[in-house]
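Chain naming here is simple, since letters A, B, ... match the order of the sequence lines and numbering starts at 1 in each. Nothing here was measured: the structure is a model prediction, and the numbers come from that model.
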2 protein chains.
Amino acid sequence: MSGRGIQFEINKHLCLKDPQMTNYGQKLISESIVLFHEIGFEQFTFRKLAAKMDSTEASVYRYFENKHTLLLWLICWYWEWVHYLIDINIKNIEDVERKLKIVIHNIVNASTESPLTSYINENMLHRVVINESSKTYHIHEVDVEEKHGHFKSYEELVAKVSSIIVEFNPKFKYPKILASNLFEMANNQIYFAEHMPDLTDIKNRKDKHIDLENAMVEMSFKLLS
Amino acid sequence: MSGRGIQFEINKHLCLKDPQMTNYGQKLISESIVLFHEIGFEQFTFRKLAAKMDSTEASVYRYFENKHTLLLWLICWYWEWVHYLIDINIKNIEDVERKLKIVIHNIVNASTESPLTSYINENMLHRVVINESSKTYHIHEVDVEEKHGHFKSYEELVAKVSSIIVEFNPKFKYPKILASNLFEMANNQIYFAEHMPDLTDIKNRKDKHIDLENAMVEMSFKLLS
DNA sequence: TGTATAAAGATAGTAAAACTATCTTACTTT
DNA sequence: AAAGTAAGATAGTTTTACTATCTTTATACA
């Protein structure tokens with residue numbers, strides 16, 4: 001066992017054995033982030049992951065049922081981490097405008113915070129979230145998975161942001177729409193800037209995260225004014 | 001050959017043979033919409049589709065390279081259809097506020113319009129778009145596909161909506177963000193209402209499309225005011 | 001120090017998915 | 001009637017997505 005850092009409680013149903021608890025599990029997590037990033041969800045296989053780890057398919061299957069639950073586990077970890085960042089960053093802050101700005105900063109820019117966990121490359125995981133996260137819930141079995149609480153991390157995070165929106169303007173009628181939309185927008189607009197530039201005003205420059213953050217702050221404040 | 005209705009020009013690279021031109025192709029399109037709707041993209045196979053059509057796998061492969069391009073073809077058809085609806089519905093309308101309202105109505109509610117093409121169930125196709133469309137561009141090969149113009153139908157539709165937003169308020173700084181966000185929001189919020197209710201204020205009732213339409217009009221007008 | 005036990009490695013095998021190839025039949029078009 | 005095209009029938013390949021079992025290695029605890 002090794003590895004600096006916090007552990008988050010991820011839904012037990014998502015893995016057969018907690019990868020945070022063993023060296024092998026931590027390596028599995030770190031290499032799967034790299035592999036998802038390199039080849040994408042569709043081309044990702046446990047065979048390729050095992051090869052990358054100098055291990056075997058059977059060993060990987062001892063931790064996760066399939067690549068879908070592995071991805072879901074990673075995405076949950078990511079949302080738990082963003083939730084944690086938001087919590088510590090808005091602690092003791094009274095001004096609700098500043099609070100909302102911090103929230104938006106952490107949604108768009110989480111990966112610029114200093115890393116917390118040695119075996120997780122938060123920056124690369126953020127890339128995986130942008131590219132693949134919508135696949136975790138756009139599935140035919142969505143209702144079963146939702147019943148098992150597989151989306152709880154995301155739902156709770158949206159609920160937190162929604163509560164801050166309500167605090168900002170208690171008369172605003174659509175706090176949950178705005179909250180979930182902030183998350184979807186953050187991922188989509190970065191993706192569009194990189195791959196489908198006609199769909200966004202954000203230019204694919206180094207500072208695109210900052211540009212997007214500014215746009216999102218501006219639009220949110222206008223909506224809530 | 002048979003079948004009432006308009007034909008749209010769909011990118012030639014998406015199919016090996018235009019399914020709109022033959023009886024077999026039209027049946028392929030209509031049955032694939034049903035099958036995508038029934039079992040979702042991941043479980044969908046050409047073998048199952050062929051069985052449903054009382055045909056063979058090899059015959060299906062004569063029209064489409066794989067299920068990904070078939071889905072993309074369907075989604076493109078859908079956006080061409082929505083584009084067409086918007087064009088005829090805003091024709092001769094001067095008032096830009098009314099224009100934007102019609103646009104939003106057609107984005108959220110397209111499938112309530114009377115059907116145009118005998119072998120396409122627009123309502124069911126709308127369901128497929130809500131459930132699966134994000135998978136067409138969240139792929140590792142996105143840059144190649146974008147270069148081949150596979151997303152042109154969507155991009156042009158977003159451009160049209162963006163131009164109406166500019167007309168509404170020429171000073172608004174993020175017309176493309178708002179336009180693409182309207183489409184993403186329309187799909188997501190309906191999906192959330194049905195499967196992840198904590199993520200939206202829209203209740204999963206019969207009139208949810210109308211509720212969402214109202215919310216989207218309200219928010220857009222506030223942003224553009 | 002020896003023994004239990006659990007974690008991972010090695011190997012093998014299956015069913016289905018995702019194609020490719022080829023040959024035949026049926027229907028049109030000229 | 002001949003030629004051409006579309007679809008059916010059949011078969012085969014590679015890869016994916018698992019499952020099973022047996023062996024080895026590391027750890028732990030008594």
S.K.: If you measure only the distance, is there a donor-acceptor pair under 3.5 Å linking the side chains of A:Lys135 and B:His138?
M.R.: no

S.K.: Quickly work out the A:Leu49 CG to D:dC18 P distance and round it to whole Å.
M.R.: 14 Å

S.K.: Separation of A:Asp18 atom CG from C:dA7 atom P, in whole Å?
M.R.: 12 Å

S.K.: Determine, step by step, whether B:Ile102 and B:Ile86 satisfy the side-chain contact (heavy atoms from CB on, under 4.5 Å) criterion, reporting the C-alpha distance in whole Å, the side-chain angles of both residues, the deciding distance to 0.1 Å, and the verdict.
M.R.: CA-CA 7 Å; B:Ile102 291 168; B:Ile86 287 177; 6.0 Å; no

S.K.: Quick one: B:Lys27 NZ to D:dG8 C1', roughly how many Å, whole number?
M.R.: 13 Å

S.K.: Examine C:dG9: is either OP1 or OP2 under 4.0 Å from a nitrogen or oxygen in the side chain of A:Ser55? Give yes or no.
M.R.: yes

S.K.: Does A:Lys67 make a cation-pi contact with A:Phe41, if we ask for NZ or CZ under 6.0 Å from the ring centre and within 45° of the axis?
M.R.: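 Yes, a cation-pi geometry holds between A:Lys67 and A:Phe41.
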
S.K.: Of all residues at least two apart in sequence or in a different chain, which pass the ring pair (Phe, Tyr, Trp, His ring centres under 6.0 Å) check with A:His195?
M.R.: A:Tyr191

S.K.: Are B:Arg127 and B:Glu194 close enough for a salt bridge, meaning some N to O gap below 4.0 Å?
M.R.: yes

S.K.: Salt bridge check: are B:Glu38 and B:Lys52 linked by an N-O gap of less than 4.0 Å?
M.R.: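 Salt bridge flag = yes for B:Lys52 with B:Glu38.
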
S.K.: For D:dG8, take OP1 and OP2 only and decide whether either is under 4.0 Å from a side-chain N or O of B:Ser59.
M.R.: yes

S.K.: Do A:Val60 and A:Phe64 touch side chain to side chain, with heavy atoms closer than 4.5 Å?
M.R.: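 Contact flag for A:Val60/A:Phe64 side chains = no.
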
S.K.: Under 4.0 Å, heavy atom to any atom of DNA chain C: which of residues 138-146 of chain A qualify?
M.R.: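 Residues of residues 138-146 of chain A under 4.0 Å from DNA chain C: none.
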
S.K.: List in chain and number order the residues that pass side-chain contact (heavy atoms from CB on, under 4.5 Å) with A:Ala110, two or more places apart in sequence or in another chain; answer none if no residue qualifies.
M.R.: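 Residues passing side-chain contact (heavy atoms from CB on, under 4.5 Å) with A:Ala110: A:Tyr78, A:Trp81, A:Val82, A:Leu85.
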
S.K.: Before accepting this row, confirm whether a basic side-chain N of the pair B:Arg62/B:Glu57 lies closer than 4.0 Å to the acidic partner's carboxylate O.
M.R.: no

S.K.: Calculate the interatomic distance between B:Glu31 atom CD and D:dA7 atom C1'; express it in whole Å.
M.R.: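 Distance, rounded to whole Å: 17 Å.
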
S.K.: Could you run down the sub-3.5 Å N/O contacts of the protein with nucleotides 16-19 of chain C?
M.R.:
from   : atom 1 : to      : atom 2 : distance (Å)
C:dC19 : O5'    : B:Tyr61 : OH     : 3.1
C:dC19 : N4     : B:Glu57 : OE1    : 3.3

S.K.: Can you give me the closest heavy-atom contact between B:Leu14 and B:Thr69, atom names plus distance?
M.R.: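 What the structure gives for the nearest pair is O-CB, 3.6 Å.
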
S.K.: Does a salt bridge link A:Asp18 with A:Lys12, judged by any charged N lying under 4.0 Å from a carboxylate O?
M.R.: no

S.K.: When the distance from CG of A:Leu28 to C1' of C:dA7 is rounded to whole Å, what number comes out?
M.R.: 13 Å

S.K.: So which protein N/O to nucleotides 21-27 of chain C N/O distances come out below 3.5 Å?
M.R.:
none

S.K.: Strictly below 4.0 Å: does B:Tyr63 bring a side-chain N or O up to OP1 or OP2 of D:dA7?
M.R.: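 Yes, within the criterion.
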
S.K.: Can you see which heavy atom on B:Phe151 is nearest to which on B:Thr136, and at what distance?
M.R.: CE2-O, 3.6 Å

S.K.: Can you tell me if the side-chain N/O atoms of B:Lys17 get under 4.0 Å from OP1 or OP2 in D:dA7?
M.R.: yes

S.K.: Please give, in whole Å, the distance from D:dA6 P to B:Met21 CE?
M.R.: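 One finds 11 Å between P of D:dA6 and CE of B:Met21, rounded.
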
S.K.: Using a strict 4.0 Å threshold on nitrogen-to-oxygen distance, state whether B:Arg205 and B:Asp211 make a salt bridge.
M.R.: yes

S.K.: Heavy atoms only, 4.0 Å cut-off, all strands: where does B:Phe64 land among base, sugar-phosphate and nothing?
M.R.: nothing

S.K.: Taking the side chain as C-beta and beyond, is there a heavy-atom pair between A:Ile10 and A:Cys15 under 4.5 Å?
M.R.: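 No. Closest side-chain heavy atoms not under 4.5 Å.
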
S.K.: What N/O pairs connect the protein and nucleotides 24-28 of chain D at under 3.5 Å? Give each pair on its own line.
M.R.:
none

